[in-house]
Student: 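Input: one structure, supplied below.
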Amino acid sequence: MPKALSTIQSCFVPIKIENIDTDQIIPARFLKATTKEGFGKNLFRDWRYENDDEAKPKADFPLNQPTYRGEILVAGKNFGCGSSREHAAWAILDYGFRVVVSSFFADIFRNNALNNGVLPVQVSDTFLQKIFMQDASATLTVDLAAQTIAIDTTGETESFDINPYKKTCLLNGYDDIDYLLSIKEEIQQFESLQN
Amino acid sequence: MPRTLFEKIWDTHIVKTIDNGPSVLYIDRHFIHEVTSPQAFTGLNQRGIRVLRPQQTIATADHNVPTLNQHLPIKEELSRLQVEALKKNCAEHGIELYGLGHPFQGIVHVIGPELGITQPGMTIVCGDSHTSTHGAFGSIAFGIGTSEVEMVFASQCLLQNKPKLMRITIDGSLQKGVVSKDIVLHILSVITASGATGYAVEFAGSAIRALSMEARMTICNMSIEMGGRCGLIAPDEITFNYIKGRTFAPQGEAWDKEMARWQTLYSDADAVFDKEVFIKGEDIEPMITYGTNPGMGIGISQLIPTTETVNEQDKSGLARSLAYMGLEAGTSIRGQKIDYVFIGSCTNSRIEDLRMVASFVKGKKKAADVEVWIVPGSKQVEAQAIAEGIDKIFEEAGFQLRQPGCSACLGMNEDKIPAGKYCISTSNRNFEGRQGAGARTLLASPLTAAAAAVTGVVTDVRELMLNNN
Ligand code: SF4
């Protein structure tokens with residue numbers, strides 16, 4: 001069951017790369033677990049470490065720069081393309097992010113994120129660039145109920161879309177399975193009409 | 001009202017629509033594999049519920065399996081645990097498993113169609129993005145995440161919003177040496193790796209109608225690489241003939257009943273799409289990718305783009321991609337040295353792919369310093385290849401015919417490409433590190449891959465074909 005989410009005010013970690021695919025978010029060799037926990041330490045593994053060696057962090061990668069922190073990840077457009085692995089959303093959540101901001105999300109990733117209580121916030125290209133221009137101390141405020149994201153230092157705000165059903169789920173920490181189980185009879189009725 | 005193929009299937013699968021929200025979509029077939037299912041089974045067990053319709057669920061082990069000595073226990077411990085967990089979960093929930101050692105085992109998107117499980121008009125899901133492959137039969141087939149796998153287990157339904165609809169029409173005939181993989185890599189180079197995000201994509205036109213089922217699967221397989229929710233092709237005689245007589249195909253009266261329904265599955269003449277793309281078959285060359293997303297492809301006679309010539313979508317990432325690939329903007333990719341050739345994956349590991357490669361390499365030998373792995377998509381493909389003597393042709397050419405699985409497509413087993421090495425691959429993703437940390441992947445058709453295997457460098461297969469005649 002995902003954790004409920006309403007308003008988040010936080011610093012952010014910027015990764016100014018476009019088309020970040022799920023193979024980068026969590027490389028395939030880490031998909032061998034049979035639980036959902038513990039993926040955070042391998043988030044962006046091959047961008048974080050030289051030769052897969054935790055003793056050799058790549059200094060220029062934002063996750064390795066102590067100035068960047070917070071519960072919000074901000075990334076270039078078409079974030080989460082490629083494989084359907086939900087491990088990507090689990091890794092992001094496990095690392096401590098609750099919100100991902102980009103100017104475009106791949107479909108499956110968007111769903112996977114929402115199903116795990118991670119909010120994908122799609123902003124315009126211009127707004128994304130404005131966020132990237134802020135320095136590391138700047139904070140963002142994401143208000144799910146109002147569907148707005150603000151750059152606190154400049155006061156600039158943009159609103160974002162979210163499916164109303166998903167919004168309710170996220171605000172309350174519900175998930176789809178609870179709903180689907182509650183309509184079991186309707187599903188069985190549908191099945192009997194098919195045959 | 002005129003409807004598209006997608007809408008005809010969608011409409012008959014809606015259990016109900018939530019006010020202001022998604023629809024409850026009924027799922028006919030659910031494929032599962034060892035990597036994306038364990039957490040979903042755990043979730044079910046925690047809720048104390050069982051798989052609602054185990055007989056509509058089909059399992060196989062493919063992502064983790066070794067491609068040599070499959071009769072021995074899996075050496076890599078975590079892989080073995082995942083495969084064992086699948087076995088245990090399937091046994092507990094009454095799900096049919098075509099695991100290692102089973103004559104039906106193979107890559108999930110290869111076995112569904114070859115067993116006749118995949119049929120027109122169905123809704124099909126799997127915790128795997130290349131589920132789009134099954135759309136080649138005129139079904140709505142898409143990849144889902146593990147939470148959604150759990151939802152389908154629990155209710156045989158998913159909450160879905162109807163995607164927008166796009167049609168890509170490819171008319172005309174193909175040049176010699178151009179095959180379906182080139183069509184889809186060409187489309188990708190035109191619309192980019194995010195060009196179909198949010199859309200269900202129907203592939204149409206005379207060039208598509210002329211393709212075999214296996215060739216159509218290659219195209220639908222890669223619709224996810226355009227960002228598409230799914231890809232689909234209207235079923236026709238080629239589809240029906242392919243399905244007829246397969247293990248799980250309907251028979252007798254049931255066949256006639258299904259056929260009557262299947263024949264209504266096409267987009268009506270005046271159906272409206274949100275977006276249309278037109279491509280001329282004659283314009284397509286043998287393709288190859290130079291970058292780190294599948295949209296970064298060029299015709300083999302073209303130059304690697306520069307920041308000026310590349311499409312808008314890949315502009316900012318071009319330098320990074322080329323640095324990773326060790327390639328230079330504005331140069332020709334022909335002649336680029338190759339270290340590995342991988343012919344396999346759910347894109348191109350079917351019997352027609354193997355036949356195509358065999359008929360091209362017959363009597364030829366691989367270049368001395370190239371390693372060539374041929375990984376069939378399933379036990380049935382492997383058996384067929386051996387029955388046809390294709391294994392002998394590969395052996396004489398110095399190609400290694402391995403055992404079925406995903407293999408070097410994603411390098412979850414031992415089949416990894418070493419850092420910095422070049423691999424020409426018939427798979428579907430050239431992402432950084434996809435085939436192994438630091439591996440450099442060039443996506444191409446089985447023919448173009450075979451040509452590189454023989455010459456040791458990126459080669460325009462058309463030149464070798466002309467010499468043949
Ligand atoms: S062959 Fe590759 S793309 Fe296909 S299912 Fe396996 S890992 Fe995924």
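If you're wondering where the values come from, they're calculated on a predicted model, not measured in any experiment. Naming: A, B, ... by sequence-line order, numbering from 1 per chain.
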Student: Would one find more than 12 heavy atoms of other residues, nucleotides or ligands at under 6.0 Å from atom NZ of A:Lys58?
Tutor: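 Yes.
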Student: Given a strict heavy-atom distance threshold of 4.5 Å, which part of B:Ser79 is in contact with chain A: side chain, backbone, both, or neither?
Tutor: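 Its backbone and side chain both get close to chain A.
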Student: Could you walk me through whether A:Glu191 and B:Arg53 pass the salt bridge (Lys or Arg N to Asp or Glu O under 4.0 Å) check?
Tutor: CA-CA 11 Å; A:Glu191 283 179 325; B:Arg53 298 285 174 249; 2.7 Å; yes
Student: Tell me, for A:Glu186 versus chain B, whether the close heavy atoms (under 4.5 Å) come from the side chain, the backbone, both or neither.
Tutor: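 Contact with chain B involves both backbone and side-chain atoms of A:Glu186.
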Student: Could you check whether A:Asp46 pairs with A:Arg29 (Lys NZ or Arg NE/NH1/NH2 to Asp/Glu carboxylate O, under 4.0 Å)?
Tutor: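 A:Arg29 and A:Asp46: salt-bridged.
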Student: Let me know if A:Asn163 has heavy atoms under 4.5 Å from chain B in its side chain, its backbone, both or neither.
Tutor: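 Only the side chain of A:Asn163 comes within 4.5 Å of chain B.
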Student: Between A:Asn115 and chain B, with a heavy-atom cut-off of 4.5 Å, which part of the residue counts as in contact: side chain, backbone, both or neither?
Tutor: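 For A:Asn115, heavy atoms of backbone and side chain both lie under 4.5 Å from chain B.
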Student: With a 6.0 Å cut-off (strictly less than), is the heavy-atom count around CD of B:Gln55, excluding the residue itself, greater than 12?
Tutor: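 Above 12, so yes.
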Student: Which atoms of B:Arg429 come close to chain A, meaning under 4.5 Å heavy atom to heavy atom: side chain ones, backbone ones, both, or neither?
Tutor: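 B:Arg429 touches chain A through side-chain heavy atoms alone.
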Student: Quick check on B:Lys87: does its NZ atom have over 12 non-hydrogen neighbours (other residues, nucleotides or ligands) under 6.0 Å away?
Tutor: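 Open: at most 12 neighbouring heavy atoms sit under 6.0 Å from NZ of B:Lys87.
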Student: Measure A:Asp107 against the heavy atoms of chain B and call it side chain, backbone, both or neither at under 4.5 Å.
Tutor: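 Contact with chain B: backbone and side chain both.
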Student: Heavy-atom distances under 4.5 Å only: say whether B:Asn293 touches chain A with side chain, backbone, both or neither.
Tutor: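 Just its side chain gets close to chain A.
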Student: Does the pair A:Asp175 and A:Lys166 meet the rule for a salt bridge (Lys or Arg N to Asp or Glu O under 4.0 Å), with working shown?
Tutor: CA-CA 9 Å; A:Asp175 65 15; A:Lys166 282 291 179 193; over 6 Å; no
Student: With side chain to side chain donor-acceptor pair (under 3.5 Å) as the test, would you mind laying out the steps for A:Gln122 and A:Arg110 before giving the verdict?
Tutor: CA-CA 10 Å; A:Gln122 185 162 325; A:Arg110 180 196 296 268; 2.7 Å; yes
Student: Before accepting this row, confirm whether a basic side-chain N of the pair A:Asp23/A:Arg85 lies closer than 4.0 Å to the acidic partner's carboxylate O.
Tutor: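 Salt bridge present between A:Asp23 and A:Arg85.
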Student: Select one option (side chain, backbone, both, neither) describing which atoms of B:Thr12 are under 4.5 Å from chain A's heavy atoms.
Tutor: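 The backbone, not the side chain.
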Student: At a heavy-atom separation under 4.5 Å, does B:Ile14 approach chain A through its side chain, its backbone, both, or neither?
Tutor: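 Backbone of B:Ile14 only, per the 4.5 Å heavy-atom cut-off to chain A.
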Student: Among B:Ala419, B:Gly198, B:Gly317, B:Gly433, who wins on heavy-atom pairs under 4.5 Å with chain A?
Tutor: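 Most pairs with chain A among the choices: B:Gly198.
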Student: Enter the distance from B:Ile27:CD1 to B:Ile144:CD1 here, rounded to the nearest 0.5 Å.
Tutor: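 One gets 7.0 Å once the value is rounded to the nearest 0.5 Å.
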Student: What part of B:Leu52 is in contact with chain A, defined as an atom under 4.5 angstrom from a non-hydrogen atom: side chain, backbone, both or neither?
Tutor: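 Interface part for B:Leu52: side chain.
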Student: What residue, out of A:Ala89, A:Ser83, A:Ala106, A:Pro27, has the most heavy-atom pairs lying under 4.5 Å from chain B?
Tutor: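 Option with the greatest count: A:Ser83.
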Student: With the threshold set at 4.0 Å, does a side-chain nitrogen-carboxylate oxygen contact exist between A:Arg48 and A:Glu54?
Tutor: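 Looking at A:Glu54 together with A:Arg48, the answer is no, because their closest N to O distance does not fall below 4.0 Å.
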Student: Under a 4.0 Å N-O cut-off, is there an ion pair linking B:Glu92 with B:Arg50?
Tutor: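 Salt bridge flag = no for B:Arg50 with B:Glu92.
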Student: Looking at every non-hydrogen atom in both residues, tell me the closest pair between A:Ala75 and A:Phe79 and how far apart they are.
Tutor: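 The answer is CB-CD1, 3.5 Å.
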Student: For each of B:Ser147, B:Ala437, B:Ser155, tally heavy-atom pairs with chain A at distances under 4.5 Å, and name the one with the top tally.
Tutor: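 Among the listed options, the one with the most contacts to chain A is B:Ser147.
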Student: For A:Lys184, is it the side chain, the backbone, both, or neither that has a heavy atom closer than 4.5 Å to a heavy atom of chain B?
Tutor: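 Answer is side chain: those atoms of A:Lys184 sit under 4.5 Å from chain B.
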Student: Highest number of heavy-atom pairs under 4.5 Å with chain B: which of A:Tyr179, A:Phe109, A:Phe104, A:Phe105?
Tutor: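 It is A:Tyr179.
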Student: Do you know which of B:Thr42, B:Val35, B:Thr146 has the most heavy-atom pairs with chain A at a distance under 4.5 angstrom?
Tutor: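 Among B:Thr42, B:Val35, B:Thr146, the one with the most close pairs to chain A is B:Thr146.
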Student: Please look at B:Gln46 and chain A and tell me whether the side chain, the backbone, both or neither of the residue comes under 4.5 angstrom of a heavy atom of that chain.
Tutor: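 Neither part.
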Student: Please classify the contact between B:Ile18 and chain A as side chain, backbone, both or neither, with a heavy-atom cut-off of under 4.5 Å.
Tutor: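 Side chain of B:Ile18 only, per the 4.5 Å heavy-atom cut-off to chain A.
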Student: Given that the side chain runs from C-beta out, which part of A:Asn116 has a heavy atom under 4.5 Å from chain B: side chain, backbone, both or neither?
Tutor: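 Just its side chain gets close to chain B.
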Student: Need one label for B:Asp19: side chain, backbone, both or neither, based on atoms under 4.5 Å from any heavy atom in chain A.
Tutor: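 Contact with chain A is absent: no heavy atom of B:Asp19 under 4.5 Å.
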Student: Might you confirm whether atom CZ of B:Arg80 has over 12 heavy atoms from other residues, nucleotides or ligands at distances under 6.0 Å?
Tutor: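 Yes.
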Student: Considering only heavy atoms and a distance below 4.5 Å, find which of B:Cys157, B:Gly21, B:Ala154 pairs most often with chain A.
Tutor: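 Among the listed options, the one with the most contacts to chain A is B:Cys157.
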Student: Given the options B:Ile224, B:Thr197, B:Val149, B:Thr292, which has more heavy-atom pairs under 4.5 Å with chain A than any of the others?
Tutor: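 Most heavy-atom pairs under 4.5 Å with chain A: B:Thr197.
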Student: Which answer fits B:Val24, side chain, backbone, both or neither, if we ask what part of it has an atom under 4.5 Å from a heavy atom of chain A?
Tutor: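 For B:Val24, the contact with chain A is made by the side chain alone.
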Student: Tell me which of these, A:Gln188, A:Lys77, A:Glu18, A:Arg45, has more heavy-atom pairs under 4.5 Å with chain B than the rest.
Tutor: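 Heavy-atom pairs under 4.5 Å are most numerous for A:Glu18.
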Student: Look at A:Asp52, A:Thr168, A:Thr35 and state which one has the largest set of heavy-atom pairs under 4.5 Å with chain B.
Tutor: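 Option with the top pair count is A:Thr35.
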Student: Name the one of B:Thr347, B:Asp128, B:Asn221, B:Thr133 that satisfies side chain to side chain donor-acceptor pair (under 3.5 Å) with B:His109?
Tutor: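 The single option meeting the side chain to side chain donor-acceptor pair (under 3.5 Å) with B:His109 is B:Asp128.
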Student: Between A:Trp47 and B:Arg320, is there a cation-pi geometry (under 6.0 Å to ring centre, at most 45° from the normal)?
Tutor: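 Judged by the rule, B:Arg320 and A:Trp47 form a cation-pi pair.
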Student: Shorter than 4.5 Å, heavy atoms on both sides: which option in A:Lys16, A:His87, A:Gln189 has the most such pairs with chain B?
Tutor: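 Looking at each option in turn, the highest pair count goes to A:His87.
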Student: Mark yes when over 12 heavy atoms from residues, nucleotides or ligands other than A:Asp135 sit less than 6.0 Å from its CG; otherwise mark no.
Tutor: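 Yes, because the 6.0 Å sphere around CG of A:Asp135 holds more than 12 heavy atoms from other groups.
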Student: With a 4.5 angstrom heavy-atom cut-off, could you sort out which part of B:Asn428 is near chain A: side chain, backbone, both or neither?
Tutor: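 When you check distances to chain A, no heavy atom of B:Asn428 falls under 4.5 Å.
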Student: Heavy-atom pairs under 4.5 Å with chain B are the metric here; pick the option from A:Gly76, A:Gly82, A:Pro164, A:Ala33 that has the most.
Tutor: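 Looking at each option in turn, the highest pair count goes to A:Gly82.
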